[in-house]
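Right, one structure below, let's go through it.
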Amino acid sequence: MDLPLTVDISRLTTGGQLIEFEKEGYARIGVMPRYGDAESVEWFDVEPCCMFHLINCFEEGDEVVVQGLCSADSVIPGPRLNKLGVLPERSQLTGDGNKMKQGISEKLFSRLYEWRLNREKQTVSGEYLTGRECSLEFPMINNNYTGVRHSYAYAQIVDSITRSGEGCGKVLPKYGGFAKLCLNEREMEDVDQTSAKDLIKTEIHRLGEDQFCSGSSFVPRVHGLHEDDGWIISFVHDEVTNTSQVHIIDTQRFEGAPVAKITLPHRVPYGFHGTFIHSNT
């Protein structure tokens, strides 16, 4: 994918951002044969958007299907978020002294989008598959289905946005749960009083208050019979007790309690990607 999220060191000399999302730039998706080269890439122009993570790509007839988590702007240039009014300078408190969660703006709200690239007709179509209930990031699938049609995907849910330190412009999303995306099941969601949109079914697994996850992985059951037969394994930190755990969630009983919580002897800092390595590898 060729999207207008650019890196330009010359911008730093004028007080700009190293990484910049150029909203007015172009965007395109390239399709290259598995044994092709740069000259064999077919380019399809799409509407500019910001996307950090693909979910999956596969062929379906004359179409190449591309799925990813898409937003209208980038969360990376942190200092700009103040100018947009997304974050206050200091943490706000409620009347009982508890911290208020800082919401994510519509421009930074990340949803599942699906492009269909028709190689025969050289056309592009696309649609959002999830609504505005949850902003999603760090998607996962059963890796046995990479590159082929699949039925399920998983993602972390953005719970709030916070500063990384007092007076620091850098901001970090916090993830307060997980979503299971049932790609072959559709539900009607009310958009307003006069219309509704056909979106995929989404199951939600919420963490406890002031608990946030990172480094999640989907682990398929060995010899499992179904694509969603497995577990989400994730680090979870409780900011009230300052304890870190590993949560293991049965993805066929996704909205239920974890099948196990393992308390760790040390704090695990919030991170990005995680992986699971079997002991017999």
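At distances below 3.5 Å, not a single donor-acceptor pair connects side-chain atoms of Asn56 with backbone N or O atoms of Ile141. A donor-acceptor contact shorter than 3.5 Å is absent between the side chain of Asp250 and the backbone of Pro258. Thr251 contributes a side-chain N or O that, together with a main-chain N or O of Gly230, makes up a donor-acceptor pair within less than 3.5 Å. Remark: side-chain polar atoms of Asn142 are paired, donor with acceptor, to backbone N or O of Glu227 under 3.5 angstrom. With hydrogens and angles disregarded, no donor-acceptor distance shorter than 3.5 Å links the side chain of Arg221 to the backbone of Asp229. Between the Ser217 side chain and the Ile233 main chain, no donor and acceptor come within less than 3.5 Å of each other. Proximity of a side-chain donor or acceptor of Ser244 to a complementary backbone N or O of His237 within less than 3.5 Å is not detected.
Applying the salt bridge (Lys or Arg N to Asp or Glu O under 4.0 Å) test to every pair with at least one member in residues 48-57, sequence neighbours left out, gives no pairs at all.
In this model, a donor atom of one side chain and an acceptor atom of the other lie less than 3.5 Å apart for Ser234 and Ser216. Under 3.5 Å, the side chains of Gln67 and Glu114 contain a donor-acceptor pair of N or O atoms.
The distance from the CD1 atom of Ile204 to the NZ atom of Lys180 is 12.0 Å, given to the nearest 0.5 Å. Interatomic distance, Glu133 CD to Thr202 OG1, rounded to the nearest 0.5 Å: 7.0 Å. Residue Phe138 holds its CZ atom at 9.0 Å from CZ of Phe52, rounded to the nearest 0.5 Å. In this structure, CD on Gln122 lies 4.5 Å from CZ on Phe44, to the nearest 0.5 angstrom. Of the inter-residue distances, the one linking Ser71 atom OG with Tyr113 atom OH reads 13.5 Å to the nearest 0.5 angstrom. The structure places CZ of Arg206 at 13.0 Å from CD of Gln211, a figure rounded to the nearest 0.5 Å.
Among all heavy-atom pairs drawn from Thr6 and Arg11, the shortest one is O-NH2, 3.0 Å. Pairing each heavy atom of Ser110 with each of Glu137, the nearest pair is OG-OE2, 4.0 Å. The heavy-atom pair separating Val41 from Gly30 by the smallest distance is CG1-CA, 3.8 Å. In plain terms, the two heavy atoms of Arg34 and Glu59 that are nearest each other are NH1-OE2, 3.3 Å. When all heavy atoms of Cys49 and Pro4 are compared, the pair lying nearest together is O-CD, 4.0 Å. When all heavy atoms of Met32 and Ser40 are compared, the closest pair comes out as CG-OG, 3.7 Å.
Inter-residue side-chain proximity for Leu18 and Ile9 is flagged as met; some heavy-atom pair is nearer than 4.5 Å. Within the 4.5 Å cutoff, the side chain of Phe235 has heavy atoms near those of the Leu264 side chain. Considering only heavy atoms from C-beta on, Leu183 stays 4.5 Å or farther from Tyr152 through its side chain. Proximity of Val268 to Val246: side-chain heavy atoms (C-beta onward) are nowhere separated by under 4.5 Å. Annotation: side chain of Leu136 is not in contact with side chain of Pro139 (no heavy-atom distance under 4.5 Å). Looking at heavy atoms from C-beta onward, Met1 lies in side-chain contact with Trp115 at the 4.5 angstrom threshold. The shortest side-chain heavy-atom distance between Leu112 and Tyr128 does not fall under the 4.5 Å cut-off. No side-chain heavy atom of Glu20 sits under 4.5 Å from any side-chain heavy atom of Asp8.
Residues forming a side chain to side chain contact (heavy atoms under 4.5 Å, CB included) with Glu60 (at least two apart in sequence, or on another chain): Phe58, Val65, Arg116, Arg149.
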Derivation of the ring pair (Phe, Tyr, Trp, His ring centres under 6.0 Å) call for His273 and His53: CA-CA 11 Å; His273 301 281; His53 299 106; 4.9 Å; yes

Salt bridge (charged side-chain N to carboxylate O under 4.0 Å, His left out) assessment of Asp2 paired with Arg28: CA-CA 5 Å; Asp2 185 10; Arg28 57 183 185 168; 2.9 Å; yes

Pair Leu129-Arg186, side chain to side chain contact (heavy atoms under 4.5 Å, CB included): steps then yes or no: CA-CA 9 Å; Leu129 298 183; Arg186 294 276 181 156; 3.5 Å; yes

CA sep, side-chain torsions, deciding dist, call: His278, Phe276, ring pair (Phe, Tyr, Trp, His ring centres under 6.0 Å): CA-CA 7 Å; His278 290 272; Phe276 180 85; 5.1 Å; yes

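Hydrophobic clustering, with ILVMFWY side chains joined whenever heavy atoms are under 4.5 angstrom apart, groups Val31 together with Leu3. Following chains of ILVMFWY side-chain contacts shorter than 4.5 Å, one cannot reach Val222 starting from Val219, and the two form parts of different hydrophobic clusters. Ile249 and Val236 fall within a single hydrophobic cluster, where Ile, Leu, Val, Met, Phe, Trp and Tyr side chains are chained together by heavy-atom contacts under 4.5 Å. Linking Ile, Leu, Val, Met, Phe, Trp and Tyr residues whenever their side-chain heavy atoms come within less than 4.5 Å places Val46 and Val66 in a single cluster. Follow the hydrophobic side-chain contacts under 4.5 Å out from Ile55 and you never reach Phe218; the two are in separate clusters.
Ring orientation note: the planes of Tyr154 and Phe254 are tilted relative to one another, at an angle of 30° to 60°.
For the side chain to side chain contact (heavy atoms under 4.5 Å, CB included) test with Thr130, the passing option among Leu199, Leu69, Ile200 is Ile200; the others fail.
Within a 6.0 Å sphere centred on CD of Glu47, other residues, nucleotides and ligands contribute 12 heavy atoms or fewer.
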